[in-house]
Participant: 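Can you read through this structure? Questions will come right after.
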Protein chains: 2
Amino acid sequence: MANAQTTKLKILDAAEELFADHGFSETSTRQITKKAEVNLASVNYHFGSKNELIQAVIERYLEVLVPNIDVELTGLKNDNPNPTLEEVFSVFIRPILSLNQQRKNGTSILLQLLGRSYTDSQRHMRRFFLGNYGDVVAKFVALVYKAQPGLSPSEIFWRLHFTLGTVVFTMASSDALMDIARADFDEQIAIEGVVKRLIPFIAAGVSAP
Amino acid sequence: MANAQTTKLKILDAAEELFADHGFSETSTRQITKKAEVNLASVNYHFGSKNELIQAVIERYLEVLVPNIDVELTGLKNDNPNPTLEEVFSVFIRPILSLNQQRKNGTSILLQLLGRSYTDSQRHMRRFFLGNYGDVVAKFVALVYKAQPGLSPSEIFWRLHFTLGTVVFTMASSDALMDIARADFDEQIAIEGVVKRLIPFIAAGVSAP
DNA sequence: GTCTATAATAAGATAGAC
DNA sequence: GTCTATCTTATTATAGAC
């Protein structure tokens, strides 16, 4: 076994950062193993292929995040039989921000990864929606519908995808946006600030007339 | 000269489609020249490098689109001294949809390209905002401010970037979304339908309390 | 302007010694 | 599990004949 665990973790840590910053196909296994300070062959030994490494990087986040969102969703349903749309969307805030405790810059790394994987052929993102976590998605959609019963299923579909785009895209470029805000508006904002600015925007969009 | 013009155009046409479908770094010059049915060396002869070809593909759209948006903006200002937010955002509809007359699937191709270029290192998108077309952006922002005077400059900045994310991201995956809508909701929707569904969402988000 | 041939480089992956 | 060395393949780009 030796350092198997730490090597695998070193690869995951290095890979997620490079993927988030530069994208999947723009990041080579050579860059990853160099940054991780492990041998070139270890990526294929531990993960089989670069593609499986990409999967593993995303899965490591989702398998923590999605159960947390699930807990929030059931908590909201119990505490509040008729939550507002803004309350429904807020179920994401705590789980997503708590990724920062789990790993440095965890929040923005995951969201950047989601942004990348959505445009980069969409394979991994579809997995997120229709794959293992479909029941949590359904639970969330049901709450949206309850908070905004006027919307048809097709309208909910479109507006939730608009929402997804807003969030993922914003977060994929959050570093640049925070820099501009700092320079142009003297606004010292962190990732939490961005998330909290997003919620009213999204809630208003989804409940638009 | 010979077929210079048609070769160059054939390359641009093939490239824009491949870039929109698969991304910039996932598309090789070999694929482009094969699809265009021209010689491999012609990309470098006519454009210098693959990167300059990417620029040329995007520029060909923007140099038509941005002046049209400018016309709409001044038209709106003259016709309507106090336009609503929804009217302000609607200035994009006609110019963007008219790209379909210019070239088959022009609308979705450009918007997919913008989606790609935003995450793919953001170089081309920044050009769009801060480069040659900065005055048109400023004109648009001024109209947004007039329609929604309660918003601070910093709030406008954030909300317009949220908007940008919504649009670009949606359009980058519009084909997939239209397919799902067709399959799941029996909804025969074209790109115009997506654009028109986006406007209320965006307008509500920007004017959120 | 167009073509073939090829250079130069970088990629993912693996065989086999330790 | 880890390492070196290497294979195979694909890339962008260019030199030089036509």
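Since this is a predicted model, take the numbers as computed values, not measurements. Convention: sequence-line order gives letters A, B, ...; per-chain numbering from 1. Just the heavy atoms: all of them, side chains too, but no hydrogens, waters or symmetry mates, feed the values below.
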Participant: Just wondering, are more than 12 heavy atoms of other shown residues or ligands nearer than 6.0 Å to CG in D186(A)?
Facilitator: no

Participant: Could you give the CD-to-C1' distance, from E26(B) to dT11(D), as a whole number of Å?
Facilitator: 13 Å

Participant: Which residue in the set L53(A), N44(A), L40(A) passes side-chain contact (heavy atoms from CB on, under 4.5 Å) when paired with T29(A)?
Facilitator: L40(A)

Participant: With sequence neighbours excluded, what pairs up with K139(B) under the salt bridge (Lys or Arg N to Asp or Glu O under 4.0 Å) test?
Facilitator: D70(B)

Participant: In whole angstrom, what separates H46(B)'s NE2 from dT14(D)'s C1'?
Facilitator: 15 Å

Participant: Per the salt bridge (charged side-chain N to carboxylate O under 4.0 Å, His left out) rule, which among R60(A), K35(A), K8(A) passes with D13(A)?
Facilitator: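 Single pass found, and it is R60(A).
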
Participant: Does the protein touch nucleotides 3-18 of chain C at the base, only the backbone, or not at all? Give it as B, S and - per nucleotide, heavy atoms under 4.0 Å.
Facilitator: BB------BBBB----

Participant: Rounding to a whole Å, what distance do you find between I11(B):CD1 and dG1(C):P?
Facilitator: 12 Å

Participant: Identify the residue among N68(A), L111(A), N105(A), L110(A) that makes a side-chain contact (heavy atoms from CB on, under 4.5 Å) with L99(A).
Facilitator: L110(A)

